[in-house]
Amino acid sequence: MNVDLSTRYLGQNLVNPLGASAGPLTGRLDSLRRLQDAGAAVAVLPSLFEEQIQHDEQELERLYEYQAESFAESLSFFPELENYNTGPRGYLKYLETAKRAVSIPLIGSLNGCSSSGWVRYAKAIQNAGADALELNIYFVPTNPEMTSTDVENRYVQLVAQVCQSVSIPVGVKLGQNFSSLPHFARRLVYAGAAGLVLFNRYLEADIDLESLTFKPDLILSHRHEARVPIRWIAILRDQINASLAATGGVHRTQGIIKLLLAGADVTFMTSVLLLKGPDFLRTLLVDLARWLEEHEYSSVEQLKGSMSRGNAPDPGQLERANYMQALIEYSPHRREPHFD
Amino acid sequence: MQSRQPVTVDGNEAAASIAHRLSEVIAIYPITPASPMGELADAWSAQGRTNIFGAVPDVIEMQSEAGAAATVHGALQTGALSTTFTASQGLLLMIPTMYKIAGELTPTVFHISARTIATHCLSIFGDHSDVMACRQCGWAMLCSNSVQEAHDLALVAHAATLETRVPFVHFFDGFRTSHEVNKIEQLADDDLRSMIDPACVEAHRARSLDPDRPVLRGSAQNPDVFFQAREACNRFYDAVPSLVQAKMDQFAALTGREYHLFQYEGAPDAQRVIVMMGSGVGAVAEALKVLTDRGEKVGLLKVRLYRPFAVEAFIKALPRTVRTIAVLDRTKEPGAMGEPLYQDVVTALAEQWPNGSNGHPRPVVIGGRYGLSSKEFTPAMAARVFHELSSEQPKQHFTIGIIDDVTHLSLKWDEEFTTEGSDVTRAVFYGLGSDGTVGATKNSVKIIGENTPLYAQGYFVYDSKKAGSVTISHLRFSPRPIDSTYLIERANFVACHQFQFLERLDMLQLADPEATFLLNSPFGPDEVWGRLPREVQQQIIDKRLKFYVVDGYSVAQMAGMAGRFNTAMQTCFFALANVLPREQAVEKIKESIRKTYGRRGESVLQSNWAAVDGALASLHQVEVPAEATSTTHRLPAISVTGNQMDAFIERVTAMLLSGQGDRLPVSALPVDGTFPTNTARFEKRSIAIDIPIWDKNLCTQCGLCALVCPHAAIRMKAFPSQACEAAPKSFQSKPYAAKELPDYLMTIQVAPDDCTGCGVCVDVCPAKSKEVVKHKAINMEAKLPHLATERENFDFFLQIPEFDRTSAKIDTVKGSQLLQPLFEFSGACAGCGETPYLKLLSQLFGDRAVIGNATGCSSIYGGNLPTTPWAQNALGRGPAWNNSLFEDTAEFGLGLRMAIDQKQGYAQYLLAQLSGQLGDGLVQQLIESSQTNEAELAQQRQRVAALRKRLTRINSPDAKRLDAIADSLVKRSVWIVGGDGWAYDIGYGGLDHVLTTGRDVNILVLDTGVYSNTGGQASKATFRGAVAKFASGGKASRKKDLGMMAVAYGNVYVGQVAMGANPAQTIRTFQEAESYHGPSLILAYSHCIAHGINMTTSMGHQKDAVNCGFWPLYHFDPRQAQSGGQSFRLDSHKPKTRFRDFAMLEGRFAMLARSNPEHAERLFALAQRDIDDQWRYYEQMAAIDRGGSTSPAPAESATNADVNGDSIPSPKTTNPVAL
């Protein structure tokens, strides 16, 4: 095959546009190696959750202090240990080990909850050897006094603080629920983001019908979900100067091609690799190369963004009207829409 | 030579630091107050800390102190340097082995935090009754009087034992020294090396048992040689004093600290001298200084080497001018001519005082007792003793520190006498257990001790409650070493960390005039004055106190550490106390926080630092008005009306509750340790912030809330509707859901002042609102708005007659909860997992229960003064309770049973003898009543009442005898209660034996899987993979299957229960166990703080434990085997979840997974294998068909009990013994 599969993302030269996004497979050395061996060009390590760290630390503190020094016979209830592995140490140690274990670029991922935490941990991830950093920002506004501008300002401020404190490229992983994504995306890039990752899939709470309590639950993505990043990547591609990564619903070669056509620099996947194993990447890669060859593309670069909103013959289909169209044309007997 | 560092440590750490560095094998067992020495040794070895020889000491926990001593004995015999740590009963358990170790002239040191031996009661506090009980074993005994000495003399002991071959007891006062934090100079490893003679170590090794040069030791000897052999060791003992002094001299040359076998201080020409040992010498020395400054001829002789008693050195140390000597003993030997040290001194003087020579007649000696069970011993008391010595006829065998109005032995002392120096900062902090006050003040001591030239001392007083306890921290800072071994009596700084304490504690009585008073107050400087009780206002005015407030709650809240305002308060102390420049203090506090909390994580560090910064901004001085204006007053100590209070409660209990127990005279106390029950109700501590409030509309009347309440603070009652006629308006009730009682109402009522706010009741409540899911039939709500109404409601609730026991369906949760709890308002931890079982026991059988309780949590919350939760019903019936020891409870309980059986048998014999006069019908009914249910029990009680009436008409000795024991004709329920430390470890031998006797005892093991009472040390019930003290790397071995060991006997009823998983099975098991006329063993899963869980959701953890097979539910009923049924039944389902998922929800396991993930994974995998293996075994057991098999053979030793459970024990009618 003569097709050049290489691409560039967050300042990194990648041998192909397939990446492993943050998930269990990138959190273990053995599976990380298998991902690389199967052809992954880049991997995002699981997120370092500041909130989780704080929770662990506070819980540990609670454990030791609860009822301590209360009764003369039991001044404490647990032995003091040398190392509690709270804080980011475990994560950073893994990052360092992973850097030595694989040669592909590794992107650290950070989910913070305080501005000081974001900066502190971003620096630590950089110092541990990450090639780039992905900020996994997740904020659920519950206060009706908070406007959408307030929310966006909060994001932009965090991104700016982190970008000013580290020298490695910073990507921002976003949810899709912003009133004006293009405007917001541009603000993030102005704040220093070198790339955007579209879109984050969040832990959505489910309800346990027996206990009537919320239970956090994560379900694997479905390939149809790729349609959302296709639209927004196509819309953003020509309008912002930053890397664009697609994630969520990347399951099949056809989907990858479509995302690249829309303008993605790289496509990240987790669910399909969990379902079919890291080796499935090899199949995807072969199929991608074959499709490009069969369709006489010489490189991924040639393909990338060739159907962005600016380059597509029918950009209006990306806008609201096509929703009505789809509804009108939908029938139970019809095969699934043409994505994938 | 390495440099020596000043460190601020307590006496236990000071001694353990030396012991660990000089030992190779360390056998340990927890006992207060010595446990920290074992814990430290274990932790240090787990961390890989080496001894001075370069090896990591091998530390092993044993099943008892007897086991620890024997392990040390063995290790010594094979040439290791070995040690152990203990106190009190633990030391007593070592005595047999100590004779052996000494008899074999084996060098070792046992470090002892000297503690009171249990007599009329248990006491965890300090005196010399334990060490004095082993003075005859042939061990050298070296006493340390302070934290520095506990460090220094530990080394002298280790060095001297190797030189002399005589084993050493190195002891210091429990709590006063073991738990006092003081600044000391830490000895370097090089110091230790230079004191230990390698040749002695080699000689010790050369004497070891070795098949390459075999010897026999431990022979049995006959009259021909034993005596001579016993005398053969004399020269070794003769040599001890000079060799010890030589080591002391070597130590002095090394460190500059001089020690002598008997160390004298005071006037060189003293005429009056006190002889004593232990921490009390600090108080005497202070009094001595004041008196000698006044020109008085007084002195103090400190005894360091108590055994062998070096008479010559003793005589030499005394000034020849001495005329009278008071020997103070911190122990009591009833019936002796005097206490041990006194007798030694008298003998020494009689033997060797150079009488008549140089005109110095032999001094007059008096003996006195002081400081039993850590009773305060102050310079004022010492001064009084000196004064007594100057009287013409000094009182012999006096006591000091108490008021003895019975035998009039006590000396009255001048409470105004004080020796506190004006250059000493004396600060007292009042906190609530777990609010961090003690931790913060310990840090303050360290900050001062380790960052300034000042000396620092911290001592901490805790009350008797596990939940909501009051802590009082006493801190001294001084330019001179601090030997003030007594509580601060005049403070120049008083801090109250809990605003509500002002209502019930008179803390300002300690404040010196113009002292500083710091109050943690939710009210600001302008508002706080009006919120103070009038008495407090008056004290502030009268003493011209400098009054400051800080809103520590808000500071902590802002810093993200709600409820833990200790850091804020500590900062304010430094800001006000002027011990350090403010900026430097803040810096040091932050540094100290890093040391203390750094390991726990950055966020914890940041929160604490934020609290430091926030505190100073919130600190305000209050302008004190000229007059007290408040209309509120301090609350009375006891909240009962006159007619509820008998004389004892009024005279004794009320004083204890008000913290005035020290003032009670001897006449006030029972002579034999017998106290009334039913007293916890007088102690209204009101510690909950939130309490459960009932929403009757949602209530399904299931009774779960009442069942799980650890404190009997939420109760269910059903009653005829007319009982409600005089109810307060706010009293809630609803129709009782029972067809047979259509006119009944029911209620769920909280005891607002007795609830601890644990929330377990709300957590288990299954009734949720359809409209608002979080709203249940009971909901935790802020107490204050409900307090007045709920107090009134609870008072009314108590007056409603109890449900008729004979008509309650007591085999159901609902029915059982209609029965009156006779275990209420204990001081157990909020959310305790043990107490719900005891409460259930009290409801089902309490009015006829006799309980033998092992030492442990249950004996503390069950029997620690001032009050007891064991209660009585309206007829005055309730559990009768006693705690013998930790190790002997099963046997003790067996004894209870045997006497009851004997009484019953004798009563039946007498009935038979008197049947002609009593009427055959009544006699026959009394003897034959099976008493298998409440109705039959009630009938039997009526028969006994009828019997008593008839007996009054018979004038014969037999009638009198029968009248005395007639109550035993009503079936008694004997319960043996204890924790897993007792049942699995120290008491297992006895428990095992009792199981084989076939006697009708019910054994309840409250299995927390750790030694909960002493702070969570591992037991053999600790599950594999759990982190516990003594198992800081995770318990490596499998949990002992005690239940199956008992099942193997075939004639023991065994049940394993977890109330949170299956309450009905729990209730059924209790009833079956009790009804079985042989030994019964119930293993009750009891959650504990040491599990690292949220205690509010603890019952859910029980469910998880059962669901994953961690704690299968089952019962084994020997009666079923006999009747052809299924004797072993699994009462829980096949495990549905994996152990790991359960484990990660509990800190005890999750902590290991975090600290050592690989090791945790290994242990968790093994634990899963344990569970799988156990479940397979249990399934097979459950499948065994024993139908038609012969009944299990009664144990050979069974005499009076029917081990097969099919009939009542036949009365013994031969050889009756009059009781």
Please look at [X] and chain A and tell me whether the side chain, the backbone, both or neither of the residue comes under 4.5 angstrom of a heavy atom of that chain.
| X | answer |
| --- | --- |
| B/S35 | neither |
| B/A1090 | both |
| B/P1157 | side chain |
| B/F175 | side chain |
| B/D435 | neither |
| B/Y597 | side chain |
| B/I124 | side chain |
| B/V604 | both |
| B/S607 | side chain |
| B/I860 | side chain |
| B/K465 | backbone |

Can you tell me if B/S603 and A/Q54 form a side-chain donor-acceptor pair at under 3.5 Å?
no
Do the side-chain N and O atoms of A/E69 and B/Y462 include a donor-acceptor pair separated by under 3.5 angstrom?
yes
For chain B, which candidate among A/P88, A/S74, A/S211, A/P79 shows the most heavy-atom pairs at distances under 4.5 Å?
A/P79
Go through A/L60, A/I53, A/D56 and name the one with the most non-hydrogen pairs under 4.5 angstrom from chain B.
A/D56
Is there a donor-acceptor contact under 3.5 Å from the side chain of B/K466 to the main chain of A/S70?
no
When A/R62, A/E80, A/E59, A/E57 are each screened for side chain to side chain contact (heavy atoms under 4.5 Å, CB included) with B/R600, the one that passes is A/E80
With chain A as the partner, which of B/G433, B/S1155, B/G1016, B/A46 has the greatest number of non-hydrogen pairs under 4.5 Å?
B/S1155
In terms of heavy-atom proximity below 4.5 Å to chain B, should A/L63 be classed as side chain, backbone, both, or neither?
side chain
Which region of A/A72, side chain (C-beta onward) or backbone (N, CA, C, O), has a non-hydrogen atom less than 4.5 Å from a non-hydrogen atom of chain B, or is it both or neither?
both
